[in-house]
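For the single chain, residues carry numbers from 1 onward in sequence order. Remember, predicted model here, so these are calculated numbers, not experimental data. For ligands, and for the atoms within them, numbers begin at 1 and follow the listed sequence.
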Amino acid sequence: MDGLLVLADGETFEGRVDSPATATGEVVFNTVHSGYQEVITDPSYAGQIVCFTYPHIGNYGVTPADDQSGRPRCRGVIAREVTERPSNRRAAEAVRPWLARHGVPVLTGIDTRRLTRHLREAGSLCGAFGPADEHDALQAAARAEPGTEGADLVSDVTTREPYRVGDGPMRVVAYDLGIKQDMLRRLGRIATVDVVPAGTPAADVLARRPDGVFLSNGPGDPAAVDVDVAGLLGRVPVFGVCLGHQLLARALGARTYKLPFGHHGGNHPVRRVSTGQVEVTSQNHNYAVSADGVSGARTTHVNLNDGVVEGLECRDARAFSVQYHPEAAPGPHDAGYLFEEFRTMMEHA
Ligand SMILES: NC(=O)CC[C@H](N)C(=O)O
């Protein structure tokens, strides 16, 4: 049926929707060419509608091994075209029925290039899409949507009970702030990992006598997420990724701020300051760390597109973090070495 996306600033985009269901959330664009399933099941996208700039998704279906959590996490999916029937006969399911089964609306046929240009110029905006004859209701929903600003979406995605994965030689406690499965797979190769809920006190974590603590990715505004990182610093090695990077930086005195439209893709160039080497990275974040105000830490990685701080290290506290995703899923594996650096830090602690 005819569909319509209405943004909070009134901009509209005509397309097609599969059902009368509507989707409301902060609209972000992701530029990956493949890996739509990893993006859609990444809990970091909770509260958001994802627009794929790549014009055609779904051609290899969905496969459980690619899930980054138990189900799709974004509020809605926008793409120029979503394949009806995957060409990959090994696929467990096609994308459209998979999304329908999980209640995630799909909008296709819109001018995704014009939407992307608009978000780049206007910045991330909340929006709502649904049947084309519901313009006024969609505009009201878009304007009423709080988005991720100040939103603690982590509590919606974290585990309620601790659980254990992996069989590596080290002992790691990982805060589940919306943790991706491929992060757990990478950690599980270097450690036996106790995954704990977001609200776990630092004292409980330290009582497990870990060799290291991992702070995971996750949705929403880091300023709205309450994890006692300061209670860990100096007592145990800490490695943070994406939201975990932002929380570590805040515990070190840094300010976090919202980027105009974030970094969401698989080809962001990041320079490693110590070697000058450039890593092509997988990224998915709307907030960033301001370098000023960080005490006792140095910037280890910088984004070559816009100079955003992409990594920090606090040698005294045996803590380091990156804004981008070393586990990829989706995207390149250039930064996989960071998990070995975490293991080395724990071995020499
Ligand atoms: N992938 C993430 O951990 C995202 C971190 C944070 N929610 C942001 O948007 O910046």
Going by distance alone, is a donor N or O of one side chain under 3.5 Å from an acceptor N or O of the other, for [X] and [Y]?
X: D42; Y: Q68; result: no
X: N217; Y: N284; result: no
X: E26; Y: Q48; result: yes
X: T256; Y: R250; result: yes

Atoms of ligand 1, numbered as shown, that sit under 4.0 Å from any heavy atom of [X]:
X: N286; value: 8 (C), 9 (O), 10 (O)
X: S44; value: 1 (N), 2 (C), 3 (O)
X: L243; value: 2 (C), 3 (O), 5 (C)
X: N284; value: 1 (N), 2 (C), 4 (C)
X: H285; value: 8 (C), 9 (O), 10 (O)
X: G218; value: 2 (C), 3 (O), 4 (C), 5 (C), 6 (C), 7 (N)

Practice task
Could you tell me if the ring centre of F320 sits under 6.0 Å from that of F239?
Solution key: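 Centroid distance F320-F239: below 6.0 Å, so yes.
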Problem - Reported CG-to-CD distance for the pair D66 and E38, which is rounded to 0.5 angstrom - result: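 Going from CG on D66 over to CD on E38, the span is 4.5 Å.
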Problem - Distance in Å, L177 CG paired with K180 NZ, rounded so as to fall on 0.5 Å steps - result: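 So the CG of L177 and the NZ of K180 are separated by 14.0 Å.
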Exercise for the section: May I ask you to identify, for P219, whether its side chain, its backbone, both or neither come under 4.0 Å of ligand 1 on a heavy-atom basis? Expected result: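 Near ligand 1, P219 shows its backbone, while the atoms from C-beta on stay back.
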Exercise for the section: Decide if atom CZ of R96 counts as having more than 12 heavy atoms of other residues, nucleotides or ligands within a radius under 6.0 Å. Expected result: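 Enclosed.
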Practice task
Between G220, C242, P222, flag the one that comes closest to atom 6 (C) of ligand 1 by a heavy atom.
Solution key: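 Heavy atom nearest to atom 6 (C) of ligand 1 belongs to G220.
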Problem - Contact check, Q323 vs ligand 1, heavy-atom distance below 4.0 Å - result: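 No, that is not the case, since the closest heavy atom of the residue is not under 4.0 Å from the ligand.
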Handout entry: Within-shell test, H325 vs ligand 1, heavy atom, strictly < 4.0 Å
Key =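 The answer is yes, since H325 has a heavy atom less than 4.0 Å from ligand 1.
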Exercise for the section: Please confirm whether Y287 comes within less than 3.5 Å of ligand 1 when only nitrogen or oxygen atoms on both sides are compared. Expected result: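 Such a contact does occur with ligand 1.
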